[in-house]
Amino acid sequence: MRILLVGASGFIGRHLLTALAQAGHAVAATSRQGTGPAIPGVEWRRLDLGEPLTNPDSFIWPDAIDLLINAAGQLSTDTDALYRLQSTATCALFDLARQHGVRVLQISALGAGEQPDIPFLASKAEADRHLLQSGLPAVVLRPSLVIGPGGTSSQWLQRLSPLPLVPLLDNHARLQPLHIDDLCGAVLALLRQWPEQPLVLPLVGPQVMTQGQLLDHLRHAQGWAPARYWSLPLPLTRLGAWLGQHLGWTALNPQTLNLARRNNLASPEPLAAACGYRSAPVNSRLQQWPQRAQSITSTLQPLVLAVLVLIWLGTAFVCLGPGFDWGLRIMAEAGVEGWLARLAVTAGALLDALLGIGLLLGRWRRGALRAQIVLMFGYSLIITLLLPHYWFDPFLAVGKNAAVLLLSLWLLWLTPSPQEKPG
């Protein structure tokens, strides 16, 4: 079968692409850049879902397509952007499919059509309705929470999993998570046994659990005992959601707060009746992911970043404030006095502050890390040459620079460059 896979560079799309290619299907895969991994039987096409609305010639429909699979989507705090992508642009994509007379499989989300106050689900529901009313042979697949390597929600859960006391938005709502391998398995089963009529099929795992119980499965797979869970106070989570809405946080905003506090359940029987597929228990799929070392790394990375920010901003504050005279005394020991000493202490403090701010900004972070590594080497060399007695400080303050240096190098290695980020 020749398949057009839209959204092939996303979490679900990447895994579907591999599964379809391994099953022997020819795939025309799309991404915003028009590039992706070189896989036998896969050709890449450039498609930004917004472009067909203003320029119909910006995307040329591939020849001999039998099926369109739409795996594009996003969980954004920008409501207008959500509706442009998941409703308006997706409906335009389905209209193109109708012009070419192909079947359509829409990867939607469990709860679409039932929770109109959540823009992510409401925008998905609009596209689902448009597709089902189009007259095309269509299936709307609505998965529950999908976990696996590379997913945004999965990365957040993986980051929480090493903690012995885990703060949660809610630990009462029930869900039926499934592994990404089961989503791929369900899609392949539908391709083998396509329903005779357009329909909506929920895709859920067989186990009903809370978020804490899901985290315990992830912990068990990594060799840890069950954790203790703390549901954050509602006023605190609402404040965090308000901040997240204005700051663009994907992990905490009004949508994610509402999703976390509501049950998200469905029966697996309609899918089983349609194509014979049933998802496996989540714990049976956790052999390769999550990995203990990766989880610890993802947990420590933001903490180390926060510590480095505090060190650089704290140093700047101390040097410009209560430690200014101390800095002048150190400069005097090195033979620098008067206005030149004041200038050196002030300039050094401002440079430290600039590095701390640079660490906070994603686009500057790699440059700030490189600069602070160079600066740490420079400071250590100057102290060694001009003030060697500081190496014998009882608190070994200069020697501890080595730890800061190694942490900076570790963060630099973990921080991808713009060219390395997936598109």
### Query
Is the backbone of Gly148 close enough, under 3.5 Å, to the side chain of Ser154 for a donor and an acceptor to pair up by distance?
yes
### Message
Quick check against the 3.5 Å criterion: does Gln255 have a side-chain atom that pairs as donor or acceptor with the backbone of Ser76?
### Response
yes
### Summary
Residues passing the ring-ring contact (aromatic ring centres under 6.0 Å, His included) test with Trp61, sequence neighbours excluded, are His100
### Message
Could you report the tightest heavy-atom contact between Val204 and Ala266, atom names first, then the distance?
### Response
CG2-O, 3.6 Å
### Query
Mind checking whether Ile311 and Val309 have side chains closer than 4.5 Å, heavy atoms only?
no
### Query
Could you give all pairs that pass the side-chain hydrogen bond (donor to acceptor under 3.5 Å, both in side chains) test and reach residues 117-126, with sequence neighbours left out?
Gln86-Ser123, Ser87-Glu126, Asp117-Arg262
### Query
Going by heavy atoms in the side chains, are His179 and Val146 under 4.5 Å from each other?
no
Cut-off 3.5 Å, no hydrogens considered: what does the side-chain donor-acceptor table look like for residues 65-73, sequence neighbours left out?
{"residue": "Asp66", "atom": "OD2", "partner": "Arg2", "partner atom": "N", "Å": "2.8"}
{"residue": "Asn70", "atom": "OD1", "partner": "Ala72", "partner atom": "N", "Å": "3.2"}
{"residue": "Asn70", "atom": "ND2", "partner": "Gln106", "partner atom": "OE1", "Å": "2.8"}

### Task
For Tyr229, enumerate each residue passing the ring-ring contact (aromatic ring centres under 6.0 Å, His included) test, keeping only those at least two apart in sequence or located in another chain.
none
### Query
Would you say Leu141 and Ser108 make side-chain contact, with heavy atoms under 4.5 Å?
no
### Task
Could you pull out the closest heavy-atom pair between Leu320 and Ala349, with the gap in Å?
CG-CB, 3.5 Å
### Query
What is the minimum heavy-atom distance between Ala274 and Pro195, and which atoms define it?
CB-CG, 4.4 Å
### Query
Does some side-chain heavy atom of Leu110 sit less than 4.5 Å from a side-chain heavy atom of Leu203?
no
#### Entry: Test item: Trp44 side-chain N/O and Pro37 main-chain N/O as donor-acceptor pair under 3.5 Å
yes
### Task
Check Arg219 against Pro226 and note the closest heavy-atom contact, atom names and distance.
NE-C, 3.9 Å
### Message
Please determine whether side chain to side chain donor-acceptor pair (under 3.5 Å) holds for the pair Ser231 and Asp170, giving the CA-CA distance in whole Å, both sets of side-chain angles, and the decisive distance to 0.1 Å.
### Response
CA-CA 5 Å; Ser231 293; Asp170 184 272; 5.6 Å; no
### Task
Have a look at Leu169 and tell me which of Leu236, Leu259, Leu252, Asn258 forms a side-chain contact (heavy atoms from CB on, under 4.5 Å) with it.
Leu252
### Query
Between Ser298 and Gln155, is any side-chain donor less than 3.5 angstrom from a side-chain acceptor?
no
### Task
Check Pro270 against Ser267 and note the closest heavy-atom contact, atom names and distance.
CD-O, 3.3 Å
### Query
Side chains of Gln158 and Trp289: donor-acceptor distance under 3.5 Å anywhere?
yes
### Query
Is the count of non-hydrogen atoms from other residues, nucleotides or ligands lying under 6.0 Å from Phe377 atom CZ greater than 12?
no
#### Entry: Asp352 side-chain N/O to Trp312 backbone N/O, donor-acceptor pair under 3.5 Å
no
### Query
Who are the side chain to side chain contact (heavy atoms under 4.5 Å, CB included) partners of Arg365, not counting sequence neighbours?
Leu305, Leu359, Leu369, Thr415
### Message
Is it true that, when you exclude Arg238 itself, more than 12 heavy atoms of the residues, nucleotides or ligands shown sit nearer than 6.0 Å to its CZ?
### Response
no
### Task
Decide yes or no for Leu313 and Phe317: does some side-chain heavy atom of the first lie under 4.5 Å from some side-chain heavy atom of the second?
no
### Message
Suppose we screen for ring-ring contact (aromatic ring centres under 6.0 Å, His included). Which residues come up paired with Trp242, at least two apart in sequence or across chains?
### Response
His246
#### Entry: Trp364 CH2: over 12 foreign heavy atoms closer than 6.0 Å
no
### Over all atoms of both residues, closest heavy-atom pair of Trp194 and Pro137
CZ2-O, 3.7 Å
### Message
Taking Ser9's backbone N and O only, do any of them form a donor-acceptor pair with Arg14's side chain (distance below 3.5 Å, no angle check)?
### Response
yes
### Task
Please answer whether the main-chain N or O of Gly113 pairs with a side-chain N or O of Asp128 as donor and acceptor at a distance below 3.5 Å.
no
### Message
Looking only at the side chains, is there a donor atom on one of His130 and Asp95 sitting less than 3.5 Å from an acceptor on the other?
### Response
yes
### Message
Tell me if a side-chain donor or acceptor on Gln211 pairs with a main-chain N or O of Ala173 at a distance below 3.5 Å.
### Response
no
### Query
Stepwise, does the side chain to side chain donor-acceptor pair (under 3.5 Å) test hold for Gln176 with Ser144?
CA-CA 6 Å; Gln176 292 167 271; Ser144 180; over 6 Å; no
### Message
Distance alone, cut at 3.5 Å: any donor-acceptor contact between the side chains of Asn253 and Thr77?
### Response
no
### Neighbour count >12 (heavy atoms, 6.0 Å) for atom CH2, Trp224
yes
### Task
May I ask you to test the Arg142-Leu201 pair for a side-chain heavy-atom distance under 4.5 Å?
no
